Q: 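Attaching a single structure in structure tokens format; questions to follow.
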Amino acid sequence: MRIDPPGPPVRALPGLLRKLAVDRLGMMRDAARLGDAVRVSMGPKKLYIFNRPDYAKHVLADNSANYHKGIGLVQARRVLGDGLLTSDGEVWRRQRRAVQPAFKPGRINQQASAVAEEAAKLVALLRGHEGGGPVDVLQEVTGLTLGVLGRTLLDSDVTAHDSLAHAFEEVQDQAMLEMVTQGMVPSWLPLPPQARFRRARRELYRVADLLVADRTARMADGEPGDDALSRIIAAAGRPGEAPDRVRRRLREELVTLLLAGHETTASTLGWTLHLIERHPEVRDAVRAEARAVLGDRVPDVDDLHRLTYTTMVVQEAMRLYPPVWVLPRVAQRRDEVGGYAVSAKADVLICPYIMHRNPSLWDAPERFDPGRFEPQLVATRPRYAYIPFGAGPRFCVGSNLGMMEAVFVTALVTRDLDLRTVPGHDAVAEPMLSLRMRGGLPMTVHPVS
Ligand code: HEM
């Protein structure tokens with residue numbers, strides 16, 4: 001028999017909605033206290049939160065065809081349109097097929113030297129701040145991830161467009177505002193956030209048009225390339241399609257790749273470097289490994305498998321602070337998840353942030369302990385207990401590149417520099433489309449003693 005999951009009493013709903021606006025992680029934690037399956041009913045609207053590995057497996061993998069992209073991502077469609085992250089069904093399948101070859105491990109491995117060069121540039125840039133005032137390390141790693149994305153996937157220099165990171169922040173702020181107000185504030189109202197949103201979107205599309213025009217011209221000059229951008233361009237036109245539509249789709253697909261590929265990796269690096277600073281014994285072990293494996297040189301692709309402890313440190317940082325903290329879906333038809341009834345059109349959330357801290361899956365879950373990712377311990381946990389890159393057919397297409405960047409940068413920065421958090425600064429997680437660090441990551445830079 002299918003039963004409804006437990007949910008908060010009706011009188012608790014106003015408080016819950018208020019929390020959705022000001023403390024989304026707190027709201028998810030409160031909901032998780034009711035159980036691993038929770039139903040929140042707001043009139044005809046139903047929201048289900050599932051936080052068990054087997055439930056996550058059902059929604060994300062086994063019956064994924066029944067679950068389209070949901071809350072938050074729906075709002076992000078105002079910028080990303082039908083790009084790879086937000087599209088569903090046949091449109092998504094076609095796009096994924098078109099770009100997938102650009103992300104194959106073999107091709108990403110060939111990009112290792114470009115990633116290592118960018119990581120070395122970041123170290124040099126941070127070194128320029130040695131002995132000086134605080135530098136926002138999050139902002140610097142965001143610049144790095146955009147640069148890497150440009151070089152490895154777009155065959156373009158995106159660092160020349162320094163408005164990008166800010167424009168992405170603005171459009172996300174608006175997407176989140178729309179999510180927490182549940183669409184109750186119409187988007188045509190001439191409010192300042194709307195104006196900021198439109199300006200930011202115009203800027204993203206302007207840069208996207210420039211990048212597409214440049215890459216198209218180079219393709220016409222006999223430089224076809226196997227990068228993601230040239231694949232998107234080659235697959236863009238359909239017979240009889242109006243040029244305006246093609247241009248719009250290209251913009252949306254490119255902006256999607258830029259957004260999905262840079263903030264997530266920057267967030268991973270921000271949290272990893274923060275946690276390393278807070279745990280000197282981990283910092284010393286990462287440094288020792290980097291010295292032993294790399295000596296004085298920059299990493300190459302073979303080092304990825306040798307930097308095993310550094311990889312575990314990055315994995316543990318993503319457990320505590322998964323950049324994609326929630327995976328929102330909408331059920332297309334009625335379903336049953338672990339014996340619980342899910343109604344058609346209901347919103348469904350799988351929350352890696354909560355599942356990664358579930359005490360029945362993780363010992364002392366709030367503790368930062370990279371040792372959890374020793375292979376023999378990984379083997380004892382359910383596969384879907386840890387899903388920083390999602391799962392099923394929508395599994396992150398850029399996971400290999402993201403991990404390579406995170407591991408190379410963590411190893412080089414920790415080997416060569418001592419980063420110290422500015423006294424009084426607290427790292428607070430801000431759950432936007434990705435798990436940002438509120439106020440950035442101000443640190444001072446010191447030589448390694
Ligand atoms: C450590 C870094 C990264 C993390 C933690 C991460 C995480 C994720 C997650 C959880 C999803 C699934 C979202 C869902 O199911 O709703 C996803 C999808 C995606 N990611 Fe990543 N990602 C990272 C790096 C990258 C990079 C470097 C790229 C390169 C462009 C990228 C591009 C994408 C795209 C295009 C999708 C949509 C795939 C699809 O739906 O077919 N990601 N990512």
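Everything quoted here is computed from the prediction, not taken from an experiment. One-based numbering, in listed order, for ligands and for the atoms of each.
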Q: Salt bridge (charged side-chain N to carboxylate O under 4.0 Å, His left out) for E118 and R151? Distances and angles first, verdict last.
A: CA-CA 9 Å; E118 293 295 315; R151 280 187 72 175; 2.9 Å; yes
Q: Pairing donors with acceptors under 3.5 angstrom, does anything connect the side chains of E405 and T145?
A: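 No donor-acceptor contact under 3.5 Å links the two side chains.
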Q: Identify the closest protein heavy atom to atom 38 (C) of ligand 1: which residue and atom is it, and at what distance?
A: R96 NH1, 3.4 Å
Q: Out of R93, K69, R394, which one pairs with D88 under the salt bridge (Lys or Arg N to Asp or Glu O under 4.0 Å) rule?
A: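 Output: one option passes, namely R394.
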Q: Is S399 in polar range of ligand 1, meaning some N or O pair under 3.5 Å apart?
A: no
Q: With a 6.0 Å cut-off on ring centres, are Y353 and W325 close enough?
A: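 No, the ring centres sit 6.0 Å or more apart.
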Q: List every atom of ligand 1 that sits less than 4.0 Å from any heavy atom of P323, numbering the atoms from 1 in the order shown and giving each element.
A: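 Listed by number with element: 5 (C).
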Q: Taking heavy atoms and a distance under 4.0 Å, where does L84 meet ligand 1: side chain, backbone, both or neither?
A: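 Contact part for L84 vs ligand 1: both backbone and side chain.
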Q: Relative to the heavy atoms of V324, which atoms of ligand 1 are at a distance of less than 4.0 Å?
A: 7 (C), 8 (C), 9 (C), 10 (C)
Q: Counting only heavy atoms closer than 4.0 Å, does ligand 1 sit against the backbone of M404, its side chain, both, or neither?
A: neither
Q: To which protein heavy atom is atom 15 (O) of ligand 1 closest, and what is the distance rounded to 0.1 Å?
A: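 Nearest neighbour among protein heavy atoms for atom 15 (O) of ligand 1, to 0.1 Å: R329 NH2, 2.7 Å.
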Q: What atoms of ligand 1 come within less than 4.0 Å of a heavy atom belonging to W92?
A: 39 (C), 40 (O), 41 (O)
Q: Is it true that the side chains of S343 and Y48 contain a donor and an acceptor less than 3.5 Å apart?
A: yes
Q: I'd like to check which ligand 1 atoms, numbered from 1 as shown, lie under 4.0 Å from a non-hydrogen atom of G390.
A: 10 (C)
Q: Would you mind checking which non-hydrogen protein atom is closest to atom 26 (C) of ligand 1, with the distance to 0.1 Å?
A: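 Going by distance alone, atom 26 (C) of ligand 1 is nearest to G261 CA, 3.4 Å.
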Q: Checking the N or O distance criterion of under 3.5 Å, is ligand 1 in contact with T268?
A: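 No.
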Q: For the pair T268 (side chain) and A266 (backbone), establish whether a donor and an acceptor sit closer than 3.5 Å, ignoring hydrogens and angles.
A: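 Absent.
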Q: Among R372, H356, R367, exactly one meets side-chain hydrogen bond (donor to acceptor under 3.5 Å, both in side chains) together with E316. Which residue is that?
A: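 Exactly one pass, corresponding to R372.
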Q: Taking the side chain as C-beta and beyond, is there a heavy-atom pair between D155 and R215 under 4.5 Å?
A: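 Side chain of D155 against side chain of R215, heavy atoms only: contact under 4.5 Å found.
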Q: Compute the shortest N/O to N/O distance between T265 and ligand 1 and return yes if it is under 3.5 Å, no if not.
A: no
Q: Do any nitrogen or oxygen atoms of T256 lie less than 3.5 angstrom from nitrogen or oxygen atoms of ligand 1?
A: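 No - when backbone and side-chain N and O of T256 are compared with those of ligand 1, no distance drops under 3.5 Å.
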Q: For atom 32 (C) of ligand 1, which protein heavy atom lies nearest, and how many Å away is it?
A: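 For atom 32 (C) of ligand 1, the nearest protein heavy atom comes out as A260 CB, 3.6 Å.
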Q: Decide whether N63 and D335 meet the rule of one side-chain donor and one side-chain acceptor closer than 3.5 Å.
A: yes
Q: Which is it for R394 and ligand 1 at heavy atoms under 4.0 Å: side chain, backbone, both or neither?
A: both
Q: At what distance is the nearest protein heavy atom to atom 37 (C) of ligand 1, and which residue and atom is it?
A: L85 CD1, 3.5 Å
Q: Just checking D302: does its CG atom have more than 12 heavy atoms from other residues, nucleotides or ligands closer to it than 6.0 angstrom?
A: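 Yes, enclosed.
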Q: Surrounding CZ of R383 (heavy atoms of other residues, nucleotides or ligands, distance under 6.0 Å), is the total greater than 12?
A: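 Count not over threshold, so no.
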Q: Can you find a pair of side-chain heavy atoms, one from R249 and one from D82, that are under 4.5 Å apart?
A: no
Q: I need the nearest protein heavy-atom contact for atom 34 (C) of ligand 1: residue, atom name and distance, please.
A: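 Residue, atom and distance for the closest contact: V397 CG1, 3.7 Å.
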Q: Where does L153 meet ligand 1, judged by heavy-atom distances below 4.0 Å: at the side chain, the backbone, both, or neither?
A: side chain
Q: As a check for students: among V59, L269, V326, L327, identify the option with a heavy atom nearest to atom 13 (C) of ligand 1.
A: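 Looking at heavy atoms only, L327 sits closest to atom 13 (C) of ligand 1.
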Q: Please confirm whether A406 approaches ligand 1 to less than 4.0 Å, judged on its heavy atoms.
A: no
Q: Please write down residue, atom name and distance for the protein heavy atom closest to atom 20 (N) of ligand 1.
A: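 Result: C396 SG, 3.3 Å.
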Q: Relative to ligand 1, is K69 under 4.0 angstrom through side chain, backbone, both or neither, heavy atoms considered?
A: side chain
Q: Which is closest to atom 24 (C) of ligand 1 by heavy-atom distance: L80, T264, L259?
A: T264
Q: Taking only heavy atoms of L257, which atoms of ligand 1 are found under 4.0 Å from at least one of them?
A: 30 (C), 35 (C)
Q: Return a yes/no value for E405: is any of its N or O atoms, backbone included, closer than 3.5 angstrom to an N or O of ligand 1?
A: no
Q: Show your working on side chain to side chain contact (heavy atoms under 4.5 Å, CB included) between E289 and T308 and close with a plain yes or no.
A: CA-CA 8 Å; E289 180 178 81; T308 47; 3.4 Å; yes
Q: Can you tell me if Q139 has over 12 outside heavy atoms packed within less than 6.0 Å of its CD?
A: no
Q: Would you check if P352 and L327 make a side-chain contact, meaning some heavy-atom pair closer than 4.5 Å?
A: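 The answer is yes; the side chains approach within 4.5 Å.
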Q: In the protein, which heavy atom is nearest to atom 4 (C) of ligand 1, and how far is it?
A: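 Here the closest protein heavy atom is F389 CE2, 3.4 Å.
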